[in-house]
Amino acid sequence: MDIKIEFQPRSVQELAVNVKEPPQKFFVKGSDGGVLDSAVPLVDVPVVDIGLLTSPSSSSLQELEKLRSALSTWGCFQIVNHGMTSGFLDKVREVAEQFFALPMAEKQKYSRQEDSIEGYGNDMVLSDQQTIDWTDRLYLTLSPEDQRQYIFWPQNPEAFREVLHKYTINLKQVNEILLKAMAKSLSLHDDSFLNQYGEKALITARYNFYPPCPRPDLILGVKPHADGSAITFLLQDKHVEGLQFLKDKEWFRVPIISHALLVNVGDQIEIMSNGIFKSPVHRVVTNSERDRITLAVFCIPDSENEIQPLDELVTEAKPRLYRKVKDYVSLYFQYYQQGKRPIEAALI
Ligand SMILES: O=C(O)CCC(=O)C(=O)O
Ligand SMILES: [Fe+2]
C-alpha cells in the first residue's frame with residue numbers, strides 16, 4: 001500500500017487542554033457532516049442473542065430473521081450473550097482509559113511512525129483538503145498473531161496486552177458465528193461468506209479517544225464513512241454517546257447498552273451479499289464536556305482472496321451490482337483520499 005501520511009505533531013488530547021479555538025482544519029466543510037446535532041432520533045435496531053443463533057430451536061429462526069432484517073435496513077444491530085461478562089467488558093474499557101490517561105511522553109513510546117498505520121497517533125492526513133477528526137487513536141493488528149507488532153502494544157497498564165488478547169479470541173469466535181448466521185438467514189450454505197473471508201483473515205483494533213471539544217457544532221469526532229471491513233465490532237463508551245448512523249438521508253444516534261457490543265457490516269459484506277446487507281455510513285459527534293473512549297475491531301477478509309457477490313444472490317430480479325475485488329482495504333484508502341465513497345470503485 002503506498003499511502004502518504006502527513007506527520008501531525010500534536011495530539012488532540014493536548015489541543016483540547018490548551019486551545020480555546022481549534023484550528024480551521026478541524027471544521028467540517030460543505031456536505032461533510034450535515035447539521036451537527038447530538039439530539040437526533042434513536043437508531044431502531046434489535047438486540048440479537050448470539051446463543052440463540054446457534055441453538056437448534058425455533059427461537060433461532062426468529063433470531064436469524066431479526067439479524068437479516070436489521071442488516072438489510074440499518075446494516076447494524078447490538079449483540080448480547082457473546083461469551084464475555086460485563087466485568088470483562090469493563091476491564092477492556094478500563095485498560096483503554098488507563099492508557100489514554102498516561103502522560104504524553106509515555107503514550108508516545110507507542111507512536112505511529114511516519115507512513116505507517118499502526119500505533120498511537122491522531123487522524124491520518126491523506127490529503128490537503130481533508131477535515132481532521134477530533135480524535136486520538138491507538139491502532140493495532142490483532143490477528144494473524146504472527147503479524148502483531150508488539151512494539152505498539154502498551155505495556156502500561158500491565159493488564160493491557162492480556163486483556164486485548166482475550167478479547168480478540170472471543171471476537172474471532174463471535175465473528176465466525178455471525179458470518180455463518182448471516183448466510184443461514186439468507187437460506188445459503190453456512191460457509192458461503194466464510195469461504196470468501198478466508199483462513200488468514202486480518203483483525204485490527206482501533207481505540208478511539210475523543211476529548212471534550214469546544215466546538216461540537218462545527219467539529220466531528222469521526223467524519224462520515226462506511227467501514228472497509230467485513231464486520232466491525234464496537235465496544236462503546238459506557239456513559240457517553242456520540243455514534244450516529246445515516247439512513248434515508250437522516251442521522252440517528254446509537255443508544256448505549258453497556259453489556260452489549262454494536263455490530264455493523266462493512267463494505268466487503270455489502271459486496272458479497274450483492275447489496276442485500278447494507279454497509280452503513282456513520283459518523284461521531286463531539287461534546288464539550290466529557291471524554292469518550294471506544295474500541296472498534298475490524299474483521300477483514302484475507303487480502304489474497306477475491307471478494308464478489310455470491311452466485312446465489314445474483315438473479316434476474318437482482319442483477320450483479322459489484323465486480324470482483326481483491327485487497328479492498330488498499331482500494332478503500334485510495335478512494336477515501338479522493339473524498340469518494342470507496343464502495344463505488346467496486347460498482348459495475
Ligand atoms: O467511536 C465510534 O463510536 C465509532 C468509530 C468508528 O466508526 C470507527 O472507528 O470506524
Ligand atoms: Fe467506522
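One-based numbering, in listed order, for ligands and for the atoms of each.
- Ligand-side atoms of ligand 1 in range of A296: 9 (O), range being under 4.0 angstrom from any heavy atom.
- When non-hydrogen atoms are compared, ligand 1 lies under 4.0 Å from the side chain of H225 (C-beta onward) but not from its backbone.
- Counting the atoms of ligand 1 from 1 in the order shown, those under 4.0 Å from a heavy atom of D227 are 10 (O).
- Residues K109 and E106 are paired through a salt bridge, judged by an N-O separation under 4.0 Å between the basic side chain and the carboxylate.
- The cationic atom of K278 (NZ for Lys, CZ for Arg) does not lie both less than 6.0 Å from the six-membered ring centre of W74 and within 45° of the ring axis.
- V314 and L186 are members of different hydrophobic clusters when ILVMFWY side chains are connected at heavy-atom separations under 4.5 Å.
- The protein non-hydrogen atom at the shortest distance from atom 9 (O) of ligand 1 is R206 NH2, 3.1 Å.
- The NE2 atom of H225, the Fe ion (ligand 2) and the OD1 atom of D227 define an angle of 90° (nearest 10 degrees).
- Using a non-hydrogen distance threshold of 4.0 Å, R292 registers as a contact of ligand 1.
- Atoms of ligand 1 found under 4.0 Å from any heavy atom of H282, numbered from 1 in the order shown, are 7 (O).
- Taking the six-membered ring for Trp and the full ring otherwise, Y110 and F152 have centroids separated by 6.0 Å or more.
- A salt bridge links R253 and E241; the closest N-O separation between the charged side-chain nitrogens and carboxylate oxygens is under 4.0 Å.
- Under 4.0 Å from ligand 1, the heavy atoms of L234 that appear belong solely to its side chain.
- For ligand 1, the atoms closer than 4.0 angstrom to any heavy atom of V284 are 1 (O), 2 (C), 3 (O), 4 (C).
- Ion pair R341/D267 flagged as a salt bridge, since at least one NZ, NE, NH1 or NH2 atom sits closer than 4.0 Å to an Asp/Glu carboxylate oxygen.
- Remark: ligand 1 atoms within the under-4.0 Å shell around heavy atoms of T294 are 1 (O), 2 (C), 3 (O).
- A donor-acceptor contact closer than 3.5 angstrom links the side chains of T131 and K29.
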